[in-house]
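Report on the structure given below.
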Amino acid sequence: MMSLPFYQKLHQHYDRSYRNKDLRTTMSQYQQEKRSSAIYTHGSTAYSARSSAAHRQESEAFSQASTTSYQQQASRASELALSSSVSQKAASAYNYGYSRGRTDSSLMLEDYSSKLSPQIKRARKGLLSGEEKENLPSDYMVPIFSGRQVHVSGITDTEEERIKEAAAYIAKRKLLASEEGITAAKQSTVSKQSTSTLHQEEAFEKKSRKVAIREKAEHLELRKTLEETEAYHRKLNEDNLLHAPEFVIKPRSHTVWEKENVKLHCSVAGWPEPRVTWYKNQVPINVHANPGKYIIESRYGMHTLEINACDFEDTAQYRASAMNVKGELSAYASVVVKRYKGEFDETRFHAGVSTLPLSFAVTPYGYASKFEIHFDDKFDVSFGREGETMSLGCRVVITPDIKHFQPEVQWYRNGAPVSPSKWVQTHWSGDRATLTFSHLNKEDEGLYTIRVRMGDYYEQYSAYVFVRDADAEIEGAPASPLDVVCLDANKDYIIISWKQPAVDGGSPILGYFIDKCEVGTNNWSQCNDTPVKFARFPVTGLIEGRSYIFRVRAVNKNGIGLPSRVSEPVAALDPAEKARLRSRPSAPWTGQIIVTEEEPTEGIVPGPPTDLSVIEATQSYVVLSWKPPKQRGHEGILYFIEKCDAGAENWQRVNTELPVKSPRFALFDLAEGKSYQFRVRCSNSAGVGEPSEATEVTVVGDKLDIPKAPSNIIPSRNTDTSVVVTWEESKDAKELVGYYIESSVVGSGKWEPCNNNPVKGTRFTCHGLTTGQSYIFRVRAVNAAGLSEYSQDSEAIEVKAAIAAPSPPCDITCLESFRDSMVLGWKQPDKTGGAEITGYYVNYREVIDGVPGRWREANIKAISDEAYKISNLKENMVYQFQVAAMNIAGLGEPSAVSASFKCEEWTIAVPGPPHSLKYSEVRNTSLVLQWKPPIHSGRTPVTGYFVDMKEANAKEDHWRGLNEAALKNTYLKVQGLKEGVSYVFRVRAINQAGVGKPSDLAGPVVAETRPGTKEVVVSVDDDGIISLNFECDQMAPNSEFTWSKDYVPTEDSPRLEVESKGNKTKMTFKDLGVEDLGIYSCDVTETDGIAASYLIDEEELKRLLALSQEHKFPTVPIKSELAVEILEKGQVRFWMQAEKLSGNAKVNFIFNDKEIFEGPKYKMHIDRNTGMIEMFMEKLQDEDEGTYTFQVQDGRATGHSTLVLIGDVYKKLQKEAEFQRQEWIRKQGPHFAEYLSWEVTGECNVLLKCKVANIKKETHIVWYKDEREISVDEKHDFKDGICTLLITEFSKKDAGIYEVILKDDRGKDKSRLKLVDEAFKELMTEVCKTIALSATDLKIQSTAEGIRLYSFVTYYVDDLKVNWSHNGAAIKYTDRVKSGVTGEQIWLQINEPTPNDKGKYVMELFDGKTGHQKMVDLSGQAYEEAFAEFQRLKSCSGGGRSPRRGHHPGGQGK
């Protein structure tokens, strides 16, 4: 039994069901085609008869053998042999028909035996149905003849079968390639021979000797074809046609709305045909688990995944994985499903808040599985500016890692979930979560939290994002407002609110302008003429039912600031109308209007409104609200608002022109500080009702007071770049929006905002401060009425990290054990508390029968190392230990209790584990690992170290060594890491006895360059002194720089000098030499491993010494060497350019070793800003040939450049200069800007033209041909600068030399054009081409003599050759058939036409290079009508010539 490929063993459904379905489809199509197809064989007398019964028998045998060979394993061998035999014969038939040149385009596969059917049959051209053809992609060749895959499942058993299959494959491929090349002539030949073949069928019913000989010859021919095909197959496919998968068309990402369908397409090539599997978020898609949801199709290499009725859960990354025996390849595409605003999935809430996402319904570990979630590469406090882009992200590590289940990732801003919008997008890549702002706004400022949930467990991380104001377009203008929202909306107005900005531009804000824009347009209009101070405003003048967006701009005395971010769209509708529309989805327009009529009722005058009140009052407007009357009738009502001064009874109607439709209204144009009363009347068609009760007396002014200033501002230390500020809230503050905090460096007098989005609460962390600087702070409150006064300034505070006790040490282990003592080791705390750790304290206790005793102190004096030897212990006693770290803030918490260790003599010969592993210089692909030697070296000294590494999440059997030979050093630079991958490391020591136990793990550490990472930079000063420089922007207050050579401190090195100041340090080499080769590194203490290094090897040493020499003896850098160019008047310019020149730079000009100076002959110029050095000469003379040199001196630096102008180089330059001078002189008078040229017009005339310049009224132009003046009828007009001479009906007589002369009192210029010989031929060819293109379509005209075919041209010349052809053959002219030209008419006269004159006539006009054809069809109805007209005219010719009538194909000509 034949073995299967590995991917078919793993996926039996593909090996059996998928393959057999394809096979059955192909076989069924093949059998259908077979019934209507036959092989057209070569020859007409060598065919033998074959009965239809034999044909059917062999066809059934083929079908049965091919199908059973895949479904019945027991009889596979015998049936496969039968199938192979039939396949061989079928292939031979194909090759036979093709090799004989008789393969018709409709030739299909047919059984081939000792008897061939002589009957000719026609078959369809393919095995595809119409539907399948429509589904095929464009430009894709369908692999119909895939014999190796279809007939023997992609793998052959024997070499013989492979040869047979190859023959069938090549034959079919030849058939497919030749299908389009079969012409109609072959079809005609087949039809002619079919008659003779039918007669032969009866004559050769009995097999004769001649037939036997023919069959034997055919078998020999087929065998030869098989051998040739096998040789071709071996040569063409040396790798047996096995190719790895390759995506011809990759799937494309889509963005769709909910409930829509989406299709992902991909096309895959490879052999054997790759199997494609679709994944969603790395989970294979199971179409049976979600019936109707997914449809996966694969057809002829085109694979499709269709997702029906997309919902929000379908937003994911989809992967198409193609695999065969040669490998696997994947392609990715994303699908984003958008949800209409306001819609939600109720099914997600039916189970209450405890309902989990579907991805957590079941896990391999059950519901109670414990997941550990932590964040790597976390985003830090971020600062941006309005209009910029920003991305927050972190890497999420989840243990255990379950590939099929993804976590739920949610982002929050100030505790509120962040939803994707046009401003912000979220992304989850499988291990990294990202939040991207495409356009930052101040509304985006806040505390951002990422929460990752897996099952019942979740972790979260938070950091603040600050958004600074964009630069103002007008200096001193205020910043933009923020948070523009709609508070209330109805038919008549929309109330807009916003938050005031923190920055006023240096002068108080006078008010705000509100702009509106109808949704769907870009037309912004200002809503208020005068600025409003209150941060709420009712916008009127809206069109009912339309949606609007709004923005707000602040204004002060300096100007108007930038606009705010636009609000969300809001419709001018009553809330009840909105609810009605939301509850009743609109139906599509049907084209019908249904009118209903109600019984007329007697009109009822509406009653008075009720509950009238003033709901808002500011100095700019007053808002009234009321309830509709109970007595109102069936029709709608309108409202009229009336006002009067307090204490008076003279009521005035406010809205006389625009009745109010809503039970709320905003009144403007009221006098500030004045008292009013208001009332409302209702009206309908029956009349105006009684007024409502009047409101209480209302004073126009802000009801909402500006809040009072906060108090008791207290700053406290937080980190080295932040300070926590607390305060007491404003007293009696109403509708408080939040607080703005400002900071100022002590003594600067300049205040900067700490936040641009008001914060609620009385505590805020101000980030982005400078370490070591002293700051003061102030706070003010804000509500809709405005901003409060500033609070009193806080006390000054220096920005530095708060000091705390360190966290506990970890990973206590026993490094060495003796009879009465033990050596412990541990790792330093994760958090040092902001200060250097000064020591450790160790405690121990005895453990007897598992019961621990009391703790005892092991040391009284603090230990500086992370290892300690505890003496005076009891032999064979079990002990436990704990360690506590200390800094200047005090003693930290003790570590967790260690494991139990037994005090006994270790007799092992190998060394103990190294300790104190640490990593530094972490980059994307590398890091440096350091360690300390083991305390227990074993019986012999340690001779080296081995370093092992694995990925943090990998299993224990994935450790791999990084070095084959033992390392002598206690450090290693690890290269070749994968960016973003987390690693752990361990080290083992070796001596003569062997390799010891591994150390504790170092890590995990992510291979990634941290933002802001800087490297060591080498520099050479002007004196040639070489130094290494390093800068760190993330230093702690107590951080220090530590320089090392080969990771050994260089504190006492006499060859080096170190200088550090602030956040910069420099190490200078006193005399750099070979003994200074090595790795120089700089570590920053009290940081999270910030370090960098620089390697000085022999090559770098040579470079630095050369650079030092260059700096000691500098040269002027030359940007461009000395060059020469010719100017417009023939002047000569010598020039060179230096990179830069100082004001003291000097230049010496040397010619043939002699210095030259400025004078009548030489002009010099030096531009020290650009470094350009120039020298000008009016004219080059013979004595100026030689060598030119510019010598430059700039301080200590020197430089020069030389140009040699001798021999042919100088003569060419001199000649060019003289030519340019003559050209300049010529152009002082009238001259030709473009010389004389020709063109052929559309009327087939020749136009000679030239372009002139610098002319005036007195300028004359004269044309000549062959030195004879040509008289021109019209006077030339030089307005457009173009002069022309038109030659009509150009012919040989017009050949000659044309000349045009310009002249006036300033001089003259001339231009010549030769139109003789080859130039004339070229022009005539173009003329003939234009004439040929002007020819009209051929027309048919009947005359008394016969039929005339004719065409008109613009005019005719003898150079235009006319050729006529009839049905593709040239016409032989006789007395009956004549051709000629009459004027502009080119004609063909056919006298006394006969039926033989029918057919297609072509008139070819040859211009000398190309033939131009006109064709007319004189056959069918066109011929009959023309012939009838000819006979009529002929019959009438005896009584006088009748007028001739033109004839068009299919109708009468004109």
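Taking the side chain to side chain contact (heavy atoms under 4.5 Å, CB included) definition, one finds that V1074 meets it with L1077, L1101, sequence neighbours left out. With sequence neighbours left out, F881 forms a ring-ring contact (aromatic ring centres under 6.0 Å, His included) with no residue at all. For Y1080, the ring-ring contact (aromatic ring centres under 6.0 Å, His included) partners at least two apart in sequence or on another chain are F1069. The ring-ring contact (aromatic ring centres under 6.0 Å, His included) search around Y971 returns Y1047, not counting sequence neighbours. Residues satisfying the ring-ring contact (aromatic ring centres under 6.0 Å, His included) criterion with F375, sequence neighbours excluded, are absent altogether. Among residues two or more places apart in sequence or in another chain, the side chain to side chain contact (heavy atoms under 4.5 Å, CB included) test is passed with A805 by none. Partners of T770 according to the side chain to side chain contact (heavy atoms under 4.5 Å, CB included) rule, which considers only residues two or more places apart in sequence or in another chain, are Q773, Y775. By the side chain to side chain contact (heavy atoms under 4.5 Å, CB included) test, A952 is found to be paired with S982, V984, P1004, residues two or more places apart in sequence or in another chain being considered.
Contact of the K800 side chain with the R717 side chain is registered, since non-hydrogen atoms from C-beta on lie closer than 4.5 Å. No side-chain heavy atom of Y841 sits under 4.5 Å from any side-chain heavy atom of E857. The shortest side-chain heavy-atom distance between H915 and D1000 does not fall under the 4.5 Å cut-off. By the 4.5 Å heavy-atom criterion applied to side chains, V922 and R1010 are not counted as neighbours. You'll find the side chain of V942 stays beyond 4.5 Å of the side chain of P933, heavy atoms only. Side-chain atoms of I450 and F379, non-hydrogen and from C-beta on, do get closer than 4.5 Å to each other.
Between the side chain of K1070 and the backbone N or O of P1054 there is at least one donor-acceptor pair closer than 3.5 Å. A donor-acceptor distance shorter than 3.5 angstrom exists from the side chain of D1046 to the backbone of I1079, with no hydrogens or angles considered.
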If you apply the rule side-chain hydrogen bond (donor to acceptor under 3.5 Å, both in side chains), what do you find for S429 with D431, and how did you get there? CA-CA 6 Å; S429 65; D431 64 348; 3.3 Å; yes
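Of the N and O atoms on the side chains of D1083 and T1042, not one donor lies less than 3.5 Å from an acceptor on the other residue. Defined by atom type and a distance below 3.5 Å, a donor-acceptor pair is missing between the side-chain atoms of S1093 and S1081. Side-chain contact, N718 with T765: no donor N or O sits under 3.5 Å from an acceptor N or O.
A salt bridge links E1100 with R1103: at least one charged nitrogen is closer than 4.0 Å to a carboxylate oxygen. Under a 4.0 Å N-O distance rule, the pair K874/E846 qualifies as a salt bridge.
The list of ring-ring contact (aromatic ring centres under 6.0 Å, His included) pairs with a residue in residues 941-965, not counting sequence neighbours, reads W931-Y945. For residues 878-889, the side chain to side chain donor-acceptor pair (under 3.5 Å) pairs, not counting sequence neighbours, are R845-Q880, Q880-S900. The ring-ring contact (aromatic ring centres under 6.0 Å, His included) contacts involving residues 984-1005 comprise nothing, where partners must be two or more places apart or lie in separate chains.
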Please list, one pair per line, the donor and acceptor atoms closer than 3.5 Å that link side chains of residues 822-832 to other protein atoms, with sequence neighbours excluded.
| unit_1 | atom_1 | unit_2 | atom_2 | d |
| --- | --- | --- | --- | --- |
| K827 | NZ | D811 | OD2 | 3.4 |
| K827 | NZ | L1001 | O | 2.2 |

